[in-house]
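The structure displayed is predicted, hence computed values, not measured ones.
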Amino acid sequence: SGAAWTRVVFQWADVQAGGPGTWSSRVGDDTINAEVASGRLVTGLLIGIPQWAKDENGLPAGLYLDHRDPNNTWATYVRTAVGRYNGVINHWIIWNEPDIWDTTSPAHSWDGTVDDFARLIKISYLVAKETNPSAVIHMSAFTYFWDANFGKEQYFARLLDAIRKDPDAAANNYFFDVATAHLYFHPSTIYNLVQAFYYMMNSRGIYKPLWLVETNAPPSNDPAYPVSEISFQVTQEEQAAFIPQVFALSMAAGAQRIAVYKMRDKPGDRAGNPEPFGLVREDGSYRPAFDAYRTAVLYLAGTEKTRRMRFDNAAHIRMIQGDKTTHVVYSRIAAPQAVRIDATASTGILADMYGNTQVIQAQNGSFVINLPGAPCNHVIAGECMIGGPVFYLLQSATGGTVQPPSIETGRAVQPTPAQVAAPPSAAPAETTPAAAGTTQPAATPTAAPSETPTATATATVTPTPTVTATATSTPTPSPTATATASPTATPLPTRTPTPTPVPLLSSEGLTSAATSDAAAVSMIVIGLGLFGAVFLRARRQS
């Protein structure tokens, strides 16, 4: 698939069910080491409280004790996890979706207040950095909609305010290095919300990168996985189109890394997932989204600058990748559309979202691509929730020829430390990434995110730790349950994708181009959450 990173969940109530001196992860040490050896960055997620560690309020016992106090049970757990995988896992996400406030929801995970959660983040940061100075601490992911749909101020904003009140916060990087989001189904909304999360940080003088750690649009029409309760009408082909659309738009909005939940369906998924989220079915066969994912990783890896060139009836996102440029285009409405792209070379490669290619010729200084309309099975706010089939136009930036990427040449492994998008000016212009190891402030939308956010943030850049994913030590072996992760060393059977008809090239039927909300991001590596936590229906509040 070309996946470059993965997530492993360490549920405290499971891994230390027998007490603080035990450790039994269902994802074994051999599996984790194999992921690292394969070139994938492993990110750990710490969550949960075993009964033996809960206080009378349902919080980790001793949470408000000093982080070095052995009676602070959460501090001890974080120290054990980070120390055990030191050099193998350097990225740690602290908790998952604490903004799901309904205690009756199966996805509810946090019983404390926002101030209590700020304390959890602080303890995690201080302990992790002392245990492994190269540790990168990720804020818990937030869903946005659990607050937005009920008229509540965003949990993330309230949490940032609670953190900023701590007198130790500014001197300790506000107790986190990376923000995290889980956003599904609607690519253009995801673009807005990535920028909204940046705005919540930037408006408070906090400048951190953001990872989109879960995204997908699961299909409701796969005969192999009948769906009785449909959240949104999504076909398998629409799921396939969603993948490159959300990748390109999230990158344009400033997402540093992106992960699809999830690789493969597993037995028991139906208990928590009404729709199938796997790119691969339980029997090992590929959904169309798998091929679309693999193609997107190949064509978008190595991006240095990203700009949303057009976003009206058609979408056009441009990726600068050294001496070549990749243009991502698709219709956003049910009617066919056309896009004109300035030519920097006489020929280009046109690929559909499954990787089928052809060489095309520029005409009168441009490429004109006619795009099929979107199926538009679900409409949100007057627009198709998911656009039509995606196409990639590759052309040389210097007038030469380009070759389509392959699994061997295009696979993204580890990036140069990625940068966050800089704020667009009134007249959007591409920005050059900051120096390695730094981040730039992101685009700043209005309080209610719109298609054209207004940038105001200009604060000083905050350094982000530079981390290597190469294992420097092997976790100490301990009894572990058999890993339940689906990936194996044996490749799954190759599916021959059904080619999408390659659009005709013409100069007719052009619609007016719209200038974009410019955003740049450096050296994107698109990952896939191979060991993601179970997605619960309660999350789908969009």
| Step-by-step salt bridge (Lys or Arg N to Asp or Glu O under 4.0 Å) determination, Arg294 to Asp291 | CA-CA 5 Å; Arg294 179 164 55 184; Asp291 294 304; 3.1 Å; yes

| Trace of the salt bridge (Lys or Arg N to Asp or Glu O under 4.0 Å) decision for Arg7 with Glu214 | CA-CA 10 Å; Arg7 183 185 67 182; Glu214 288 187 17; 3.0 Å; yes

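In this model, a donor atom of one side chain and an acceptor atom of the other lie less than 3.5 Å apart for Arg340 and Ser366. For the residue pair Gln361 and Ser346, no side-chain donor N or O sits within less than 3.5 Å of a side-chain acceptor on the partner. A donor-acceptor pair shorter than 3.5 Å cannot be found between the side chains of Ser140 and Glu97.
When atom types are taken as modelled, the side chain of Asn273 and the backbone of Pro276 share no donor-acceptor pair closer than 3.5 angstrom. The closest donor-acceptor contact from the side chain of Asn356 to the backbone of Asp352 lies at 3.5 Å or more, if one exists at all. For the pair Gln395 (side chain) and Asp342 (backbone), a donor-acceptor distance under 3.5 Å is present. Judged by distance alone, with hydrogens and angles left aside, the side-chain atoms of Ser331 form no donor-acceptor pair with the main-chain N or O of Gly388 at under 3.5 Å.
Phe247 and Tyr293 have perpendicular rings, their planes meeting at more than 60° on a 0 to 90° scale where under 30° would count as parallel. Using the six-membered ring where Trp is involved, Tyr299 and Tyr392 have ring planes that are parallel, under 30° apart on the 30 and 60° scheme. Using cut-offs of 30° and 60° on the angle between ring planes, the pair Phe197 and Tyr144 is perpendicular.
Between Trp211 and His91, the ring center distance clears the sub-6.0 Å criterion.
The two residues Val136 and Asp177 make their nearest non-hydrogen contact at CA-OD2, 3.4 Å.
With His316 as the fixed residue, the side-chain hydrogen bond (donor to acceptor under 3.5 Å, both in side chains) test singles out one of His327, Arg307, Gln337: His327.
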